[in-house]
Q: 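I am attaching a structure below and will ask some questions about it afterwards.
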Number of protein chains: 2
Amino acid sequence: MFNYSTSEENYIKAVFHLQQSDGMVTTNELASELKTKPASVTDMMKKLKNKKLLHYQPYQGFRLSHEGNKVALGIIRRHRLWEYFLAEKLKFSWDEVHAVAEHLEHVSSKKLIDKLDEFLGFPRVDPHGDPIPDVNGKIETSKQVCITALPLNKQAVVCHVGDQSSEILELLKHKNIGIGTKLEVKKKFDFDNSMEIKIKQQFYNISEQLAKNIFVKYES
Amino acid sequence: MFNYSTSEENYIKAVFHLQQSDGMVTTNELASELKTKPASVTDMMKKLKNKKLLHYQPYQGFRLSHEGNKVALGIIRRHRLWEYFLAEKLKFSWDEVHAVAEHLEHVSSKKLIDKLDEFLGFPRVDPHGDPIPDVNGKIETSKQVCITALPLNKQAVVCHVGDQSSEILELLKHKNIGIGTKLEVKKKFDFDNSMEIKIKQQFYNISEQLAKNIFVKYES
DNA sequence: AAATAAATTTAGACAAATCTAAAACACAAC
DNA sequence: GTTGTGTTTTAGATTTGTCTAAATTTATTT
């Protein structure tokens, strides 16, 4: 409907992501997510409140309004479609798509995005397994499970990776783990919460930090 | 090498285009091209001079330095590759590509552009017939002729359109004129410099303004 | 060569987005 | 219920890009 600056869009997107887990988002959380200062966050939150994109009472944290959520889903749609395009058509590797998509997502032409969607064949998930909102902002919520909660010896398929930093993606590439990879948890160690998983007859050791970022669906 | 703001890039691009015809570009020319005020132009010219992208002595007009030209060609490469992508892959019509490419051109990832170029099959000209600079900024200069200078009854092929406004492109679409269209000038009228051209057994009347914007190559 | 007109530059102001440092607030601990 | 700590907000400054209005320079005309 309206157009927002690159900066506004980045704040909106960050609030959207943080409120998934936290419900209410705080100033410090947002500042560290966006690598900016708390004072800057407050300034922007006032602005977005004026534009009715979020609910915010001083000192009480914030969450997106209905309108704010719609805007966020639009940005996420653009981001994930570009990621898909970069990986699928331009053959970017898994860990490179995110950074470039961060820029492309701010080019906001509805027609561009809808035609891109069509050109790509209406993909449902991006290269990290995250669902892509459709034209109306509807997003698929699949019941995925973190491998820390997976029972032993149960076959499952990687469908999502939590973190998007190039560090984690580099590590996963090294261990041959990607979206669609079939795996089984063979052992869990209580000492450090690390685990051993099996992929194609090969065994790998996974740290707790890494495990927390790998999500799977059961084989269907 | 370095990164420039969207605003800086727009000024650089505009100077590049204006100096093709004029040699030396003036403050007012640039201001009207960019729909801004002369004072803003002066401010930006000082900045670009400091960055050694252009030659400029107060009151003497300006032209791009060697470095400035290289930067300009990079921007033009991005713009025209995106235009080609939009028209060829996303099926945008001729008159829609320019506006969207204006935004995409500012996403400056060398890898993105080089991979896009490869994906598109290294096209040589954009949908308006303008040549696309290669990775090294080299640009094809073809000896094209404006139809105002075309002898009567000589077969020629449209290869370029001067103006890029959606108005002119809409008009051309209506008359079935596009890149690759074969035409012949049948008559010129001295009164208003309008002319009659023939396309596929059909005759069309072309105003002086329009004729000045249509460029052709002779049939080969 | 002086006067006038046009183009260009300067000076000062403003909006957006950011920052630092100081003040205000919330809340847990005593 | 006062105190203290950490969080959040305010106040004021900065940078980028823009503008208006005034001053300056260049060009034109007589």
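Every chain is numbered from 1 and lettered A, B, ... according to where its sequence line falls, protein lines coming before strand lines.
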Q: Atom NZ of Lys46(A) and atom C1' of dT18(C): how far apart are they, to the nearest Å?
A: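 My rounded result for the distance is 14 Å.
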
Q: Using whole Å, what does the distance between atom P of nucleotide dT15(D) and atom CE of Met44(B) come to?
A: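 It works out to 16 Å between those atoms.
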
Q: Under the ring pair (Phe, Tyr, Trp, His ring centres under 6.0 Å) test, which residues partner Tyr84(A), sequence neighbours left out?
A: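 Listed in chain order: nothing, the list is empty.
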
Q: Under the ring pair (Phe, Tyr, Trp, His ring centres under 6.0 Å) test, which residues partner His106(B), sequence neighbours left out?
A: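 None.
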
Q: Any N/O pairs under 3.5 Å between the protein and nucleotides 4-8 of chain D? List them or say none.
A:
unit_1: dT7(D); atom_1: O5'; unit_2: Asn28(A); atom_2: ND2; d: 3.4
unit_1: dT8(D); atom_1: OP2; unit_2: Asn28(A); atom_2: N; d: 2.8
unit_1: dT8(D); atom_1: OP2; unit_2: Asn28(A); atom_2: OD1; d: 3.4
unit_1: dT8(D); atom_1: OP2; unit_2: Asn28(A); atom_2: ND2; d: 3.4

Q: Without decimals, in angstroms, what is the distance between Asp43(A) CG and dG12(D) C1'?
A: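 Computing the Asp43(A):CG to dG12(D):C1' distance gives 11 Å.
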
Q: Tell me: NZ of Lys37(B) to C1' of dT10(C), nearest whole Å?
A: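 To the nearest whole Å, that distance equals 18 Å.
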
Q: Please report the distance, rounded to the nearest Å, between CD in Glu8(A) and P in dA15(C).
A: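 Distance, rounded to whole Å: 16 Å.
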
Q: Just to verify, what does Val125(A) make a side chain to side chain contact (heavy atoms under 4.5 Å, CB included) with, not counting sequence neighbours?
A: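 Counting only residues at least two positions away or on another chain, Val125(A) forms no side chain to side chain contact (heavy atoms under 4.5 Å, CB included).
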
Q: Heavy atoms under 4.0 Å, any strand shown: does Phe62(A) hit a base, just sugar-phosphate, or nothing?
A: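 Phe62(A): no heavy atom of the nucleic acid under 4.0 Å.
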
Q: Test: ring-ring contact (aromatic ring centres under 6.0 Å, His included). Region: residues 15-73 of chain A. Which pairs qualify, not counting sequence neighbours?
A: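 Pairs touching residues 15-73 of chain A that pass the test: Tyr56(A)-Phe62(A).
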
Q: What is the distance, rounded to the nearest whole Å, between atom CD of Gln57(B) and atom C1' of dT26(D)?
A: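 Nearest whole value for this atom pair: 15 Å.
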
Q: Look at Thr36(A) and dC19(C) and indicate whether a side-chain polar atom (N or O) is within less than 4.0 Å of OP1 or OP2.
A: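 Yes.
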
Q: Return the orientation label for the His128(A) and His98(A) ring planes: parallel under 30°, perpendicular over 60°, tilted otherwise.
A: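 Correct class here is perpendicular.
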
Q: Could you tell me the separation between the CG atom of Leu30(B) and the P atom of dA7(C), rounded to a whole number of Å?
A: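 From Leu30(B) CG to dA7(C) P: 15 Å.
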
Q: For Asn50(B), give me all partners under side-chain hydrogen bond (donor to acceptor under 3.5 Å, both in side chains), at least two apart in sequence or on another chain.
A: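 Testing Asn50(B) for side-chain hydrogen bond (donor to acceptor under 3.5 Å, both in side chains), a comparison that skips the adjacent residues, returns none.
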
Q: What's the CE-P distance between Met45(B) and dT8(C), to the nearest Å?
A: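 For the pair Met45(B) CE and dT8(C) P, the rounded distance is 12 Å.
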
